[in-house]
Every structure is written in C-alpha cells, then in structure tokens.
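Here is the structure we will look at.
No hydrogens, no waters, no symmetry mates; every other heavy atom, side chains included, goes into these values. Sequence lines set the chain letters: A, B, ... in the order given, protein chains first and strands last, and positions in each chain run from 1.
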Amino acid sequence: MFSTLIKHVKGYTKASILTPLFMVLEVIFETIIPICMGKIVTFGIEGNNGAGDMDYILKMGGIMTVLVILAFVSGILGAVYGSVASTGLAKNLRRDMYKNIQTFSFSNIDKFSTAGLITRMTTDVTNVQNAYQMLLRLAFRAPVSMIFAMIMSYLVSVKIANIYLVAVIFLSIGLGIIMLNARKYFTRVFEKYDDLNETIQENVNAIRVVKAFVREDYESEELKKAAGNIYKMFVKAENVVIWNSPLMQFTMYTTMIIISWIGAHMVISNELDTGSLLTLFTYCLNILGNLMMVSFIFVMLTLSAASAKRIAEVLDENPALSNPENPVFDVKDGSVQFKDVCFSYKKDGSGKNVLNNINLDIKSGETIGVIGGTGSAKTSLVNLIDRLYDVTEGEILVGGVNVKDYDMEALRNQVSVVLQKNVLFAGSIYDNLRWGNPEATEEECREACKLACADGFITAFPEGYETKIEQGGTNVSGGQKQRLCIARALLKKPKIIIFDDSTSAVDTATDANIRKALRDAIPGTTKFIIAQRISSVSDADRIIVMEDGEVNGFGTHDELLKNNDIYREVYESQTGANADFDEAKGGVD
Amino acid sequence: MAKESKPIQMGRNRGMGPRPKLDHPMKTFLRLMKYSYGRYPIPSIIVFVCIIFSTLVQIRGMLFLQVLIDDYIAPLKEMANPDFSGLLQMMTKIAILFAAAGISTFVYNKIMIYIAQGTMKRLRIDLFTHMEKLPIRYFDTHSHGDIMSVYTNDIDTTRQMIAQSIVQLVASLVTIVGTFIGLIKLSPRLTLVSVVMIGVMFFVTRIIAGKSSRYFVAQQKNLGAVNGYIEEMLEGQKVVKVFCREEICKDEFNVLNEELYHTASNAGKLINILGPVNGQLGNLSFVLVSIVGGFFAINGIGGFSIGALGSYLTLNKSVNMPIMQISQQFNTIVMALAGADRVFKLLDEEVETDDGYVTLVNAVNENGVIKESEKRTGLWAWKHYHKADDTTTYEELKGNVVLDDVDFGYTEEKMVLHNIDIFAKPGQKIAFVGSTGAGKTTITNLINRFYDIQDGKIRYDGINVNKIKKADLRRSLGMVLQDTHLFTGTVMENIRYGKLDATDEEVYAAAKLANAHGFIERLPQGYNTVLKGDGSSLSQGQRQLLSIARAAIADPPVLILDEATSSIDTRTEKLVQEGMDKLMSGRTTFVIAHRLSTVKNSDCIMVLEGGRIVERGTHDELIAQKGRYYRLYTGNTESA
C-alpha cells in the first residue's frame with residue numbers, strides 16, 4: 001500500500017528528501033544551543049575563577065546566534081519544501097487516480113461506486129496530504145531530536161543519560177499500551193458513530209413518513225437510546241486515553257527528582273559542573289516531550305492509513321477491459337450477432353449468470369424492441385454490444401467482427417448508447433450536445449434536436465441553445481433531459497444506436513414522433529429500443545422478450561401476440577385498465 | 001452500493017484558512033459554556049481548580065532548579081562534609097507536590113470525559129428531538145446535506161472546543177500568568193527582554209497570517225472547483241466512457257488540479273513558516289537572555305544568580321509555548337463558535353405549532369349516541385370541546401373532507417393554488433390529474449397540514465382542521481408517498497411503523513392485503529430480513545408494496561396516495577396496483593393518479609392546471625367535454 005503511494009511522489013522527490021533533511025538540521029542546531037548555554041555558565045559566569053568572563057559569554061552568545069540563524073534557515077526551507085512535497089503528492093494522487101479511473105470499465109466503476117470514488121479523490125487525498133506533511137516534517141524531526149538529545153546527554157554524563165534511557169523505555173511502553181487499546185476502542189466507536197449519523201440522515205430524508213405516521217416521539221426515543229450507547233462507548237474509549245498526560249507527568253517528575261538528587265551529589269563531588277546539570281535538565285524536557293510527539297504522530301499516521309489504503313486500491317485497480325493488440329478500426333455495418341452468450345457481473349464465476357445462452361442475429365438497419373420485467377437483464381444485454389462489459393462465454397459480433405477485436409473507441413463511436421441513468425453536464429446546451437461530436441456545427445446540433453423532438457422546447461427557452469444547463473441537468477425536466485440525451489447520442493452518427501429506457505419520461509405522443517423521425521432520417525442505423533411501454537416497441541421490426549436472463553421470445557409484434565404469453569400479458573395490462581394516464585411519466589412534481 | 005466507511009477527518013484545515021464571520025461570538029460562546037459546563041457546576045469547578053493546580057506545579061517544577069542549585073548545591077559544595085538531609089527533605093516535599101499534580105491532572109481529565117461526552121449526548125438528543133418537531137417547510141427549504149452537517153461537522157468542532165480548546169486555554173493562560181510572575185520574581189529586568197521578544201513574535205505572526213489568508217481564500221476556491229469537477233464528472237463517468245471523452249476530461253482535470261497545487265503549496269508554505277519563525281524567535285530570546293543574564297550574573301546585578309539564570313531560561317522557554325498554543329487555539333475556537341452557532345440556530349428554529357384541541361378518541365355507539373371508550377373499539381370519534389358553552393361533543397370519524405375556496409402559496413408573494421373547492425364524501429375516491437407543477441402534490445400537503453393554507457377552509461367531518469390536534473389529524477390520514485422511504489430495521493419493523501403495537505398476525509394481514517406477503521416470504525430471512533440504506537436491497541416495486549402495507553396496518557379512514565410513476569416491471573406493477581385498490585376500498589381517498597384505471601374508477605376527477613381546478617367530473621363526463629382532460633387522455637398534449 002505505501003509502496004504504491006510512494007511511486008506517486010515523482011516530481012517531488014527532491015522536496016520529499018530535503019524536507020526531513022532540513023528539519024533534522026534545524027533540530028541539530030537547536031539542540032546544540034543548550035550546550036553553549038551550559039558553557040556560558042561554566043566558563044563564562046563561573047569561569048575566570050568565579051569572577052566571570054564577559055568576553056567568553058559574548059563569544060558563545062555569537063555562536064548561539066549563528067546557530068539560531070542556521071536553525072531558522074533550515075526551518076524555513078523545511079517548511080517550504082514540506083508544503084511543496086505534500087501538496088505535490090496530493091496533486092499527483094488526484095491526477096493519477098483520475099487518469100486510472102478514465103481507463104476503468106463499467107465493472108470497475110460498479111465495484112467502487114461513484115460515491116466511493118468521490119470520497120477517495122477528495123477526503124482521502126486530503127488526509128494523506130496532511131499525513132505526508134506530518135511524516136516529512138515531524139516524523140523524522142521528533143525521533144532525531146530525541147536521539148540527538150540523548151547522545152548529547154551521554155556525552156555530558158553517562159550516569160544521568162542512563163536514567164533518561166530508562167525513562168524513555170518506561171514511557172514508550174506505557175504510551176504504546178494506551179495507544180493500542182485506544183485504537184481498538186476508537187475504531188469501534190467510530191463505526192457506531194457512523195451508524196448513528198446514518199439513522200439521523202434516514203430521518204431527515206424520510207421526515208414526511210415520520211410526520212405522516214406521527215412517529216416524532218418514537219423516533220426521538222429511539223435516538224435517545226442510540227445516543228446513550230454511543231456515550232457509553234466514547235466514555236470507555238476516552239477512559240483509556242486519559243492515562244496519557246498523568247503518565248507523562250509521572251515520568252517527567254520522577255526523572256527530574258532522580259536527576260536532581262543524583263545530579264546534586266555529582267556536582268558536589270565535582271563529577272559534574274553546574275552548567276552541565278542545567279543543560280541536562282533542558283535535554284530531559286526535550287527527550288520526553290519528543291517522545292510524546294512520536295506517539296502522537298504514530299496515532300495520526302495509523303488513522304490516515306485507512307485513507308492511504310483506499311487510494312492505493314484505486315491506483316492499483318486494473319481496467320477490466322483492454323484494447324486488443326492489432327485492433328480493427330472500421331465497423332463495416334450495423335449488424336449484431338450474439339453467439340451462445342453468457343454473462344455474469346462477477347468475473348471469477350462466483351456470481352449467478354445474468355444472461356444465459358443468448359443467440360441472436362440482427363441485420364444492419366433493423367429496429368429491435370426489447371421488453372421484459374425488472375431484472376430480466378435487458379440493460380445487460382445491450383451493454384455487451386458496445387463492450388461496456390465483456391461476455392463471460394460466447395461471443396458478440398458487430399459488423400461481422402468480434403467486439404473484442406475492435407479498438408474500443410472506434411467501436412463506441414459507432415455504437416451509441418443512450419443510458420438509462422443519464423447525465424447532463426454543466427454548460428450550454430450546445431456544449432452538452434457536442435459531447436456526441438466536438439466538431440458538430442450549430443446546424444447539425446439543431447438537426448439532431450429536431451429528430452429527438454427537443455428543438456421545440458429548446459427554442460422556447462429565452463436563450464435557446466445557449467441556455468446553461470446546471471450540474472446534473474437539474475434545470476430541465478426529466479423528459480427534456482431524456483430528449484437532449486438522445487440528441488447528443490444521435491450527433492455521433494453511429495451505425496448502431498441503443499435507447500435504454502430513454503423515453504420513459506416523455507409522453508406517448510412525443511415518443512412516437514421521435515421513433516418516426518428516426519425511422520425516416522436514419523434508416524440505415526440499427527436501433528435497439530428498451531422500454532417498459534409496449535407502445536414504444538410495438539412498431540419495431542422485431543421485438544426481443546427477455547425473462548430471467550434468457551430470450552423468451554423474438555419476433556414481430558403480431559407473432560409475439562400470438563405465441564408469447566409474457567408479451568401478451570404485458571400488452572393486455574397496458575392497453576387495458578392499467579394503461580398509463582398522464583403525460584409526464586416519471587416527471588417530478 | 002456498498003457502504004463506504006467514512007475516513008476519519010483529521011487536520012481538517014484546523015487553525016488555518018480564513019476565519020468565518022460571526023455575528024455574536026460572545027453570545028454564542030456564553031450560551032455554549034452555559035449549555036456544557038453550566039450543566040455541571042461542581043465538576044466544572046473541580047476541573048478548573050485541578051487545571052490551575054497542576055499548571056502551577058509545573059511552573060514550580062521549573063523554579064525548583066533555582067532552589068536546588070542556589071540553596072543546596074552551591075552551599076553544599078562549599079562544605080567539607082556535605083549534609084544531604086536538608087536536600088532530602090526538600091525533595092520529599094517536591095515529590096509530594098508532583099504526585100498531587102499528577103493526580104489532579106488525572107482527575108480533571110477524567111471529569112472532562114463525562115462533561116464533554118455528556119454534553120455531546122445531550123446535544124445530539126436535543127437537536128434530534130427538536131428537529132423532529134420542525135415543520136415540513138424547514139426540510140423543504142434547507143438542504144439535507146446542510147442539516148446533516150450540523151450533526152457531523154458542527155457537533156464535532158463544538159466537542160473539540162469543549163473538551164480540548166477550553167481546557168488548553170485555561171492551562172495556557174495560567175501558565176502565562178504564572179510564568180510571568182516567576183520571571184518577574186527572578187529578574188524584572190530580564191523580563192523586559194522576554195516581553196520584547198514576545199511582542200516581536202506576535203507582530204511577525206500577524207504579518208504572516210495576514211499574508212497567508214489571501215492564499216487560503218484562493219486555495220479554498222480552487223479546492224471547491226476541483227471537488228466540484230470530480231463530483232460532476234464521476235457522477236457522469238459512464239457517460240464519459242460511452243462518448244469516449246476520457247482524454248478531454250483528463251486534460252480539463254489536470255488544469256484545475258495544477259491550479260489547486262499552486263495555491264495550496266503557497267498557502268501551506270506560509271503556514272508552515274510560522275512554526276520555525278516562532279521557534280527560532282524563541283531560541284533567539286533564549287540566546288539574548290543567556291547573554292544578558294550571564295552579564296547580570298557576573299556583575300551580580302539585581303542579585304541575579306546562576307541558579308536563577310537556569311530557572312529563568314527554562315521559564316522563558318515555557319512562556320513561548322502557551323502563547324503559540326493560544327494563537328493556534330484561537331482559530332479553532334472561532335471555527336467551533338461558527339459550528340455552535342449553526343447548532344443553536346437549529347435548536348432555535350421554530351417548531352411546528354399546534355393549537356388544535358379536537359382529539360381523536362375510541363368510541364362506542366350506544367343507540368345512536370357516540371360515547372368515548374377506554375378500549376380500542378374500531379370506532380373513532382372526534383372529541384370536540386366547545387369553550388363557549390362548556391360542552392363536549394363527539395363526532396364520528398367518517399372521512400368527510402371539504403376544501404372550501406382554498407388559496408395557498410409556499411411564500412406569501414407567490415400563490416400556487418387558487419380557489420380550490422373539493423367535496424369528498426366518506427368512501428369516495430378523488431383523483432388529481434394534471435401536468436407536472438400543476439399543484440397536485442401541494443393539495444395533499446394541505447390536508448394533513450404539512451403546510452397551512454393562506455385563505456379558505458379545510459373541514460374534516462365538519463370540523464375545521466385547524467382545530468384538530470395535528471397528531472390526531474395525521475393519525476386519521478394514511479399516506480403512501482411517491483418516494484418510498486424505509487428505515488433501517490427488519491421488514492416486520494418497517495410494516496409495524498404504521499401501528500407500533502401491532503401483533504405479528506396483524507403485520508402478516510397487512511402485508512397480504514398489500515400483496516407484499518409473497519415477496520417477503522421469499523426474502524432470505526422472511527419478515528426478519530434486515531433492510532438497510534432505505535431498503536436499497538429491494539426493488540422499487542417491492543419498496544412500494546411495503547409502504548402500502550405500512551399504511552394498511554394503520555387502517556386510516558382517509559388515504560392520500562401518490563401513485564408511483566417510476567418504471568416498475570409490469571408484474572410487480574400489477575401487484576402494486578391491486579394492493580393499492582384493496583387499500584382504497586371503503587376509504588375516502590385522494591390520489592395523485594398516473595394510471596388510467598385509477599382515474600377511470602374515481603368518483604370525481606380534478607383536472608389541475610396552474611394551481612386551479614380547470615375541470616371536474618367523472619371520466620365519462622370529462623371525455624364528453626372534450627377539454628383539457630380529453631387532450632390528456634388521448635395523449636395529444638404537444639398541440640394543447
């Protein structure tokens with residue numbers, strides 16, 4: 001995991017090496033200062049046989065000032081490089097993740113989920129950026145500072161330095177035990193905490209249900225219980241952590257008392273001079289303080305490890321689909337053949353097949369309706385045609401060539417899909433349409449919109465085709481959005497076009513108009529129309545009836561009415577008493 | 001979608017970035033103090049005392065060096081046979097003092113857990129309980145993300161402040177004051193040097209912080225742009241793939257990403273510089289004191305000794321730390337106050353008012369006279385107290401709903417419903433049809449008083465709904481909404497939501513009536529299957545079946561239905577349809593209709609347009625009129 005991330009430091013390697021280097025230099029300079037101070041006491045104040053030596057004091061003072069300046073410069077450089085390295089890493093991670101996501105196939109995207117990918121690219125990157133900066137600036141500085149102070153202590157007095165060593169070992173064991181326990185508890189608490197917030201979220205979203213059933217008091221009681229449980233768990237976890245400062249204080253005070261006692265004896269017996277004792281005291285605080293820092297850094301780093309892991313997962317993910325070695329770029333025509341096709345969303349074969357033994361032969365230019373219940377794998381069937389997923393068994397030929405042999409971009413430019421869950425992007429209507437063809441002229445855009453019956457409502461907007469679409473297309477209605485998506489797909493001028501339930505929010509009359517326009521304008525293009533409404537498919541050349549991942553029937557409307565029970569049932573239910581009524585099916589009130 | 005475990009946020013812009021503006025920082029601060037520490041007066045005082053004590057001992061520990069050197073080591077060194085008993089005595093005293101300080105540190109930390117977590121618990125409960133009482137309008141006018149952020153981010157920053165910032169602030173202040181007293185005691189002259197250095201530190205910090213805020217504003221802006229791009233493009237990633245836009249997107253993203261990097265690294269540089277700048281100024285102060293102090297010690301100015309110099313240096317170092325801490329904590333506190341402000345704002349939000357006094361009671365019909373009953377009788381009555389003549393009347397709950405010349409607007413300026421008249425007799429089915437935005441859903445929001453009307457009257461069994469207690473009114477109305485919302489819990493619990501004391505048998509019966517029994521039985525754990533994430537493991541149709549069952553178990557005399565429009569497969573749709581039909585039979589029903597059969601079978605169809613009822617009548621009557629309804633029916637809408 002860390003080896004994955006470290007590769008992405010590229011371009012900021014120099015900064016990443018210089019940062020800890022300068023931080024360590026800063027610390028070394030800083031640590032020498034107390035020694036000089038001790039010398040001032042011993043040779044300056046007490047020197048010259050107790051009369052004092054002001055020249056010496058000034059000399060040492062000068063040295064100390066130089067040290068301060070050096071520490072200052074190192075500190076600044078460490079600060080600057082630290083910022084460059086950490087923000088640089090964050091930039092690289094975002095760039096490389098986004099780059100890799102662009103190679104993801106649909107199955108990769110499904111695996112992570114959109115929300116999951118967003119979290120990884122935003123919050124997780126920020127966490128890693130902060131952790132990396134801390135790692136570079138403090139994770140080296142604190143231990144080095146501690147070790148350096150330790151060494152200096154040994155140089156001054158082995159006896160007293162040994163006491164420090166014992167103190168350090170004692171404190172690290174203590175802190176280690178506390179941290180390990182705390183981590184265990186806190187991981188559990190945070191899980192529960194997330195659950196609690198999810199309950200609240202649920203209530204906010206479903207407030208109409210809560211109010212309609214007059215369950216306000218009931219929900220409040222439930223939350224009281226949950227909040228009480230969280231309280232208990234937090235108290236338990238925090239009760240572990242509070243041992244931290246007393247432990248620190250205990251170690252520090254005990255050490256101080258012991259070195260005071262032993263130090264006093266040593267000074268009196270002239271084993272040690274007073275200045276050195278002062279220096280040692282300074283080091284004592286330095287060593288223990290830095291140890292606390294190390295334990296703190298350790299905790300913060302382990303907290304960010306989860307984020308690092310999630311980022312590494314995205315970076316390490318291999319796209320499930322790849323281009324063949326000598327790809328075919330030319331799609332001859334819009335014919336489609338399914339040969340013994342089986343398909344499962346799980347690559348390893350553990351999952352149930354969603355498509356079984358599909359055999360279809362569709363001629364170029366045919367209009368094919370696809371109908372069937374939810375979960376009958378209509379969408380899965382058509383997604384295989386432009387290789388959004390790969391078949392598990394069998395093969396699919398488009399224009400007589402296996403889809404796996406095509407260059408993916410060439411294939412997708414010739415096979416256009418209007419997705420069921422479609423999205424418009426922030427920008428003008430023209431901008432959105434030109435996703436289909438960046439070079440499309442305004443005339444071509446209008447032409448496509450006329451075919452999709454979108455020209456009418458677009459020109460009714462005050463700004464017409466320049467109207468700004470908001471993120472996610474929230475400022476157009478469901479039906480308008482669907483028609484814009486159809487126009488966008490038409491601009492590709494594909495050999496095959498697939499409509500995946502893409503007129504569900506369009507009223508029946510407009511739906512029929514769109515179909516008629518397409519029939520007249522692009523007769524050579526093979527059209528697949530997935531729909532819930534029987535009227536959307538009944539005038540197709542042939543209709544596929546899907547049921548539980550298998551083709552239950554394939555024929556014309558009249559044939560199916562005669563021979564296919566499912567088709568007949570659907571037909572009757574929709575033309576009889578249960579027919580659709582209003583104009584904007586799926587519209588939002 | 002698999003549940004994403006949320007990363008634990010750390011270092012979230014803590015102590016950096018532009019400070020949020022606060023209207024009444026002091027007022028919010030005092031209110032928060034009252035809300036947290038104010039509820040625990042005695043423990044808070046103990047905490048306060050303990051902090052002061054342990055901080056003072058810490059300072060005393062530094063001064064101890066002077067005593068050790070000047071009073072003990074120096075004289076003992078002169079002696080031929082040093083007597084350590086005096087030193088031992090002094091050290092024992094100090095050891096006891098230190099032990100006491102350690103204990104008091106532990107004590108205040110421990111008490112703080114209960115104060116902080118107790119406050120958090122109370123805050124969560126208060127917030128939630130209050131939120132549940134807020135009117136629907138609040139939820140319609142505030143983004144759910146913002147509401148949630150109060151529970152997560154704002155509560156979190158508030159906890160930071162209560163548990164850590166305040167404690168540290170007190171400790172820092174005590175340290176500063178105590179240290180200064182110590183410094184002055186050791187050498188008033190040297191203290192001047194220290195004060196000057198502290199002044200310089202403040203000055204430099206202000207300059208750097210001021211400079212950095214410009215970069216931070218830019219950084220936040222660019223971060224927003226990058227995150228916005230990530231969100232929008234990843235939401236549409238499948239579209240990106242279908243249109244082969246990967247390369248273009250990569251380029252667009254890289255431009256935004258580079259911009260963010262530049263501002264972020266600059267902002268980071270400035271903030272990072274603060275540390276070494278202050279640290280080295282502290283060291284410079286150390287050097288200056290060493291030189292000047294050395295000079296004083298040599299010349300014995302102001303009776304300054306070596307021991308005093310040692311103590312002074314240690315104290316001088318320790319005065320820098322709390323000052324830096326305070327400046328860091330200051331930003332955290334401002335952020336926390338902004339969070340607390342939002343928390344209190346939600347707590348101050350006005351709750352749904354309810355002046356209703358007519359209540360719903362169980363009743364028995366004794367020879368045509370309705371009387372109140374203790375037991376559940378299946379017969380319900382409105383208990384209506386008349387103040388004028390001090391009498392109480394009982395009116396049988398029948399489900400007679402009348403809207404009389406109702407006007408309504410979500411805001412005073414813009415009315416969305418005009419002159420709505422509807423008469424629904426018990427058991428009648430009233431259908432609303434009309435295009436999107438015609439006001440169908442709005443009418444149903446008025447009957448259950450999710451919103452209150454501006455003009456006109458709504459009567460329920462002859463009683464003005466304003467006089468009916470909201471809870472009782474809503475209890476008598478069943479609702480099946482278009483967006484089904486289910487709760488985390490078992491299927492059984494979800495159905496029982498409609499009637500909390502329902503037996504298992506009643507749940508099964510309701511599920512059967514709603515046509516939900518069949519699919520529930522086929523779930524892995526049947527009725528005990530746990531639903532999560534709004535029932536995301538179920539299909540749209542199955543969720544609707546459950547919400548019908550939930551309404552069925554409540555068995556209300558009046559129903560408000562919003563027929564689902566989203567695509568459900570034909571077979572489930574048939575089940576839903578049948579379930580709805582069974583539910584509607586014998587009840588007064590208001591239905592926002594999307595199915596032809598529902599509309600046809602209605603007793604009266606209201607055709608809405610632009611907030612007005614433009615046509616009304618039965619299906620046959622309206623067809624004969626050849627008006628708006630006829631056009632809707634024939635699907636010929638584009639020309640209309």
Side-chain angles (χ1 to χ4, degrees), chain A residues 37 40 44-45 52 57 61 64 68 72 75 79-80 83-84 87 91 98 102 113 116-117 121-122 130 200 204 206-207 209 212 214 216 220 223 227 231 234 238 242 245-246 249-250 253 264 267-268 278 307 373-374 409 417 423 435 471 508-509 532 570 577-579 581 583-584 586-587 589, chain B residues 1 4 7 11 73 76-77 82 98 102 105-106 109 113 117 121 124-125 128-129 132 139 144 147 151 227 230 232 234 236 239 242-244 246 253 261 264-265 268-269 272-273 276 280 283-284 287 290-291 294 297-298 310 436 441 471 474 479 485 565 567 569-570 594 596-597 599 635 637:
Chain A
M37 198 272 298
I40 286 185
I45 303 174
I57 294 178
M64 280 160 84
V68 169
F72 179 75
V80 168
S83 174
V84 170
T87 51
K91 181 190 81 175
Y98 195 72
Q102 295 311 311
S113 88
L117 287 175
M121 284 198 67
T122 53
N130 289 335
I200 295 171
V204 174
I207 190 70
V209 178
V214 200
E216 294 96 326
S220 299
L223 185 104
Y231 168 78
F234 258 117
E238 299 234 13
I242 52 160
S245 357
Q249 280 192 3
F250 173 77
Y253 288 147
V267 172
I268 289 158
L278 283 181
S307 289
T374 313
E409 190 167 340
V417 195
V423 181
W435 273 62
Q471 186 173 332
T508 339
Q532 299 283 346
V570 174
N578 287 319
F581 178 75
E583 50 158 1
D589 202 341
Chain B
M1 188 182 81
E4 262 308 302
I73 296 182
L76 282 173
K77 217 175 162 182
F98 282 170
T105 305
F106 182 77
N109 271 312
I113 296 178
Q117 288 302 331
K121 177 185 160 190
R124 281 191 195 109
I125 293 174
F128 188 83
T129 316
E132 291 287 298
F139 297 91
H144 290 182
I147 300 176
Y151 285 96
N227 287 355
I230 290 173
E232 173 164 26
L234 288 186
V239 179
V242 164
F243 286 97
C244 305
E246 294 95 332
F253 180 73
Y261 162 70
S265 79
K269 279 177 198 167
N272 283 353
I273 281 174
Q280 295 320 318
N283 276 337
L284 195 63
V287 172
S290 295
I291 299 170
I298 292 178
T436 308
T441 307
R474 288 177 190 161
M479 283 198 95
H485 285 292
T565 52
S567 351
D569 64 281
T570 331
H594 300 288
L596 191 53
S597 64
V599 182
T637 52

List the atom of [X], the atom of [Y], and the distance in Å for their closest heavy-atom pair.
| X | Y | answer |
| --- | --- | --- |
| B:Ile125 | A:Ala227 | CG1-CB, 3.8 Å |
| B:Asn272 | A:Ala79 | ND2-O, 3.0 Å |
| A:Gly61 | B:Val287 | O-CG1, 3.7 Å |

Name the option with the most non-hydrogen atom pairs under 4.5 Å to chain A; the candidates are [options].
| options | result |
| --- | --- |
| B:Phe98, B:Phe139, B:Tyr151 | B:Phe98 |
| B:Ala297, B:Gly102, B:Cys244 | B:Cys244 |
| B:Asn109, B:Leu284, B:Ile113, B:Ile273 | B:Ile113 |

[atom1]-[atom2] distance between [X] and [Y], expressed to the nearest 0.5 angstrom:
| X | Y | atom1 | atom2 | result |
| --- | --- | --- | --- | --- |
| A:Thr122 | B:Asn227 | OG1 | CG | 5.5 Å |
| A:Thr87 | B:Lys269 | OG1 | NZ | 8.0 Å |
| B:Ile230 | A:Tyr98 | CD1 | OH | 8.5 Å |
| B:Thr129 | A:Leu223 | OG1 | CG | 7.0 Å |

Task: pair B:Glu132-A:Ile207: side-chain heavy atoms closer than 4.5 Å - done: yes
Open item on the list: Tell me if a side-chain donor or acceptor on B:Ser265 pairs with a main-chain N or O of A:Val84 at a distance below 3.5 Å.
Closed with: no
Open item on the list: Counting only non-hydrogen atoms closer than 4.5 Å, does B:Ile147 touch chain A with its backbone (N, CA, C, O), its side chain (CB onward), both, or neither?
Closed with: side chain
Open item on the list: side chain to side chain contact (heavy atoms under 4.5 Å, CB included) for A:Ile57 and B:Ile298? Distances and angles first, verdict last.
Closed with: CA-CA 10 Å; A:Ile57 294 178; B:Ile298 292 178; 3.1 Å; yes
Could you tell me which portion of [X] (side chain, backbone, both or neither) has an atom closer than 4.5 angstrom to a non-hydrogen atom of chain B?
| X | value |
| --- | --- |
| A:Tyr253 | both |
| A:Ile200 | both |
| A:Glu216 | both |
| A:Val214 | side chain |

Task: When A:Trp435, A:Phe72, A:Tyr231 are compared by non-hydrogen pairs under 4.5 Å with chain B, the top option - done: A:Trp435
